[in-house]
Amino acid sequence: MPPSTSVAPPSGPPDWAALRNKVSLLLPGDSGYDSAKRVFNPAFDGLKPAAIAKCAKPEDVQAAVEAAAKRVPIAARSGGHSYAGYSVPDGGLMIDLGGMSSVDVQGEQVVIGAGAKLKDVYAELGGAGRCLPAGSCPSVGIAGLTLGGGIGVLARKYGLTCDHLVSARVVTADGKLRTASADSEPELFWALRGGGGGNFGVVTSFTFRTDPSPSVVSVFSLRFPAGSANDVLAEWQRWLPEAPPELWANVVLSGGSPVGARISGCYVGDTASLAKVLDRLTGKVNGTRTVKQLDYLGAMKYFSGSESRQSFAASSRILGEPADPAKLTSILDGRRGMDLLVDGLGGAVADVAPDATAFWHRKAIGSVQIYSQVDARNRSVATDSVAEVVTGIGLGGGYVNYIDPALPDWMTAYYGDNATRLKRVAKTYDPDKVFGFAQAVTPA
């Protein structure tokens with residue numbers, strides 16, 4: 001049954017001493033506290049949770065939620081990649097899920113703890129001959145990725161990560177551990193597939209259906225001469241929607257004078273088959289081609305980036321229809337150190353109706369990320385520059401996994417027409433905003 005209606009909030013701060021008797025708890029000044037609160041982006045090192053609950057089992061999460069609910073902000077931390085640092089609740093309780101990181105392959109399904117990182121998920125699945133479409137950064141957590149949708153390099157062939165979700169174990173605001181699936185708590189299950197991390201409850205584990213891992217995945221990189229960015233983007237926008245779903249590709253525009261362009265991607269199949277698809281693009285715009293034939297795990301490692309912490313500013317938009325290449329490239333002119341990345345969608349992503357899950361942008365050509373690496377001396381300048389670029393490119397929408405506090409009308413941008421239903425789910429499962437934060441889905 002859904003949670004009961006809201007009641008008057010308790011008074012006073014949480015009893016951290018009592019919680020410490022139930023859960024491994026770190027308070028400011030404790031040994032290990034400073035390292036435990038760190039997330040991927042050093043820009044958020046200054047945030048200071050009142051406590052960090054290092055949870056190893058669902059009962060730990062329940063105890064933490066019950067102790068802090070309606071008293072201080074609560075946020076779960078899986079991989080710690082929130083672009084806005086929302087997994088570090090300043091003055092609140094951080095629920096660290098790192099101790100819940102098991103990856104258990106069970107035939108055609110896999111049960112994954114909410115604290116698991118993608119590098120470990122891929123290693124276990126690859127060893128078992130199974131495949132789950134997910135992201136590329138090795139230290140990203142499975143929880144945030146799935147809850148925001150889960151765009152990755154195999155999305156056009158296999159769909160989003162959330163499309164493979166069978167069920168999830170969730171601690172809701174009332175401290176109860178629930179199973180959300182098509183048959184149990186179906187509205188919560190719908191919301192967890194694209195409704196964004198940090199909303200509705202704390203997921204402790206996910207059960208996914210998997211596919212047999214492809215025996216061959218061909219990866220490629222295309223480089224183009226200076227001054228060709230407009231042509232590259234124009235042709236990419238024509239080429240990708242017509243390509244078979246076995247192919248995934250992105251296009252990266254690099255700020256500078258002139259703006260640079262490159263395309264990379266993969267193909268579920270051999271290099272001979274890939275060559276025929278690439279020829280349709282390179283016959284229109286010339287570039288150098290690098291191709292490798294790998295197995296599934298090798299391909300996932302090929303796309304994995306660095307696990308080192310990175311300070312950056314970023315935002316996103318959605319490419320719903322072909323854009324004017326000149327508009328996108330001109331805004332990057334002279335902006336060294338900034339990239340505009342368009343990750344291709346379509347294929348299996350578009351085979352699912354926009355309202356079948358909470359992930360709204362099913363019919364888009366791609367998601368657009370504007371990304372700038374920064375350091376402490378120029379963070380504000382870089383953040384302002386990113387804001388100028390996203391305004392200048394004239395695109396709408398946004399991907400909640402690239403969450404941006406400055407995004408106008410963010411609720412509609414992330415969730416489109418699904419926003420109203422998501423608010424109803426929030427009213428049912430978190431009427432008192434126990435899991436509230438600056439861009440939380442709040443009750444209708």
Using modelled atom types and a 3.5 Å cut-off, is there a donor and acceptor pairing between side-chain atoms of [X] and backbone atoms of [Y]?
X: Gln293; Y: Thr271; answer: yes
X: Ser78; Y: Ala114; answer: yes
X: Gln237; Y: Ala323; answer: yes
X: Asp404; Y: Ala406; answer: yes
X: Arg156; Y: Pro244; answer: yes
X: Arg262; Y: Ser254; answer: no
X: Tyr33; Y: Pro49; answer: yes
X: Asp96; Y: Gly98; answer: yes
X: Asn418; Y: Pro354; answer: yes
X: Asp231; Y: Val285; answer: no

Hey, does [Y] have a side-chain heavy atom less than 4.5 Å from the side chain of [X]?
X: Val342; Y: Trp236; answer: yes
X: Lys284; Y: Trp239; answer: no
X: Val441; Y: Tyr415; answer: yes
X: Leu281; Y: Ile263; answer: yes
X: Pro405; Y: Gln439; answer: yes
X: Pro133; Y: Lys157; answer: no
X: Asp34; Y: Lys37; answer: yes
X: Leu188; Y: Thr428; answer: no

For residues [X] and [Y], report the shortest heavy-atom separation together with the two atoms involved.
X: Val268; Y: Pro214; answer: CG1-CB, 3.6 Å
X: Gly150; Y: Asn401; answer: N-ND2, 4.1 Å
X: Leu345; Y: Ser367; answer: CD1-N, 4.1 Å
X: His81; Y: Cys137; answer: CE1-SG, 3.6 Å
X: Gly269; Y: Ser218; answer: O-OG, 2.7 Å
X: Leu27; Y: Ala50; answer: CD2-O, 3.5 Å

* According to the interplanar angle, ranging from 0 to 90°, do the rings of Tyr86 and Phe437 count as parallel (below 30°), tilted (30 to 60°) or perpendicular (above 60°)? -> tilted
* Asked: Taking the six-membered ring for Trp, are Phe206 and Phe208 parallel (under 30°), tilted (30 to 60°) or perpendicular (over 60°)?
  -> parallel
Just verifying a value: how many Å separate [X] [atom1] and [Y] [atom2], rounded to the nearest 0.5 Å?
X: Leu340; Y: Met338; atom1: CG; atom2: CE; value: 9.5 Å
X: Arg421; Y: Arg424; atom1: CZ; atom2: CZ; value: 7.0 Å
X: Tyr414; Y: Tyr402; atom1: OH; atom2: OH; value: 12.5 Å
X: Glu321; Y: Ile365; atom1: CD; atom2: CD1; value: 7.5 Å
X: Leu160; Y: Tyr158; atom1: CG; atom2: OH; value: 15.0 Å
X: Thr172; Y: Asp174; atom1: OG1; atom2: CG; value: 3.5 Å

* To do: Please lay out, stage by stage, how Asp211 and Arg209 fare under the test side chain to side chain contact (heavy atoms under 4.5 Å, CB included).
  => CA-CA 7 Å; Asp211 293 292; Arg209 63 174 177 83; 4.1 Å; yes
* To do: Please test Ser264 against Asn250 for side chain to side chain donor-acceptor pair (under 3.5 Å), starting from the C-alpha separation and ending with a verdict.
  => CA-CA 6 Å; Ser264 62; Asn250 70 0; 2.9 Å; yes
* Has Lys363 got more than 12 heavy atoms of other residues, nucleotides or ligands less than 6.0 Å from its NZ? -> yes
Do the side-chain N and O atoms of [X] and [Y] include a donor-acceptor pair separated by under 3.5 angstrom?
X: Arg223; Y: Thr290; value: no
X: Ser213; Y: Arg130; value: no
X: Ser273; Y: Asp270; value: yes
X: Thr357; Y: Arg362; value: yes

* Leu240 and Leu247: CA distance, side-chain angles, deciding distance, side chain to side chain contact (heavy atoms under 4.5 Å, CB included) verdict -> CA-CA 8 Å; Leu240 185 69; Leu247 179 115; 3.6 Å; yes
* Identified side chain to side chain contact (heavy atoms under 4.5 Å, CB included) counterpart of Ile112 within the set Thr207, Thr146, Asp120, Ile142 ->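 Exactly one option meets the side chain to side chain contact (heavy atoms under 4.5 Å, CB included) with Ile112, and it is Ile142.
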* Step-by-step salt bridge (charged side-chain N to carboxylate O under 4.0 Å, His left out) determination, Arg289 to Asp279 -> CA-CA 10 Å; Arg289 181 187 305 187; Asp279 287 345; 2.9 Å; yes
* Could you please spell out the steps behind the salt bridge (charged side-chain N to carboxylate O under 4.0 Å, His left out) verdict for Lys117 and Glu307? => CA-CA 11 Å; Lys117 308 298 190 293; Glu307 294 185 58; over 6 Å; no
* To do: Begin with the C-alpha distance, continue with both residues' side-chain angles, and end with the deciding distance and a verdict on side chain to side chain contact (heavy atoms under 4.5 Å, CB included) for Phe189 and Leu165.
  => CA-CA 9 Å; Phe189 180 60; Leu165 188 64; 3.9 Å; yes
* Residues Arg335, Ser372; criterion side chain to side chain donor-acceptor pair (under 3.5 Å); working and verdict -> CA-CA 10 Å; Arg335 296 181 185 269; Ser372 179; over 6 Å; no
* For His164 and Thr210, run side chain to side chain donor-acceptor pair (under 3.5 Å): C-alpha distance rounded to whole Å, both residues' side-chain angles, the deciding distance at 0.1 Å, then the answer. => CA-CA 7 Å; His164 290 249; Thr210 63; over 6 Å; no
* Audit row: Val61, Val65, side chain to side chain contact (heavy atoms under 4.5 Å, CB included) steps and yes/no -> CA-CA 6 Å; Val61 177; Val65 170; 4.2 Å; yes
* Asked: Ring centres of Tyr371 and Phe312 under 6.0 Å apart?
  -> yes
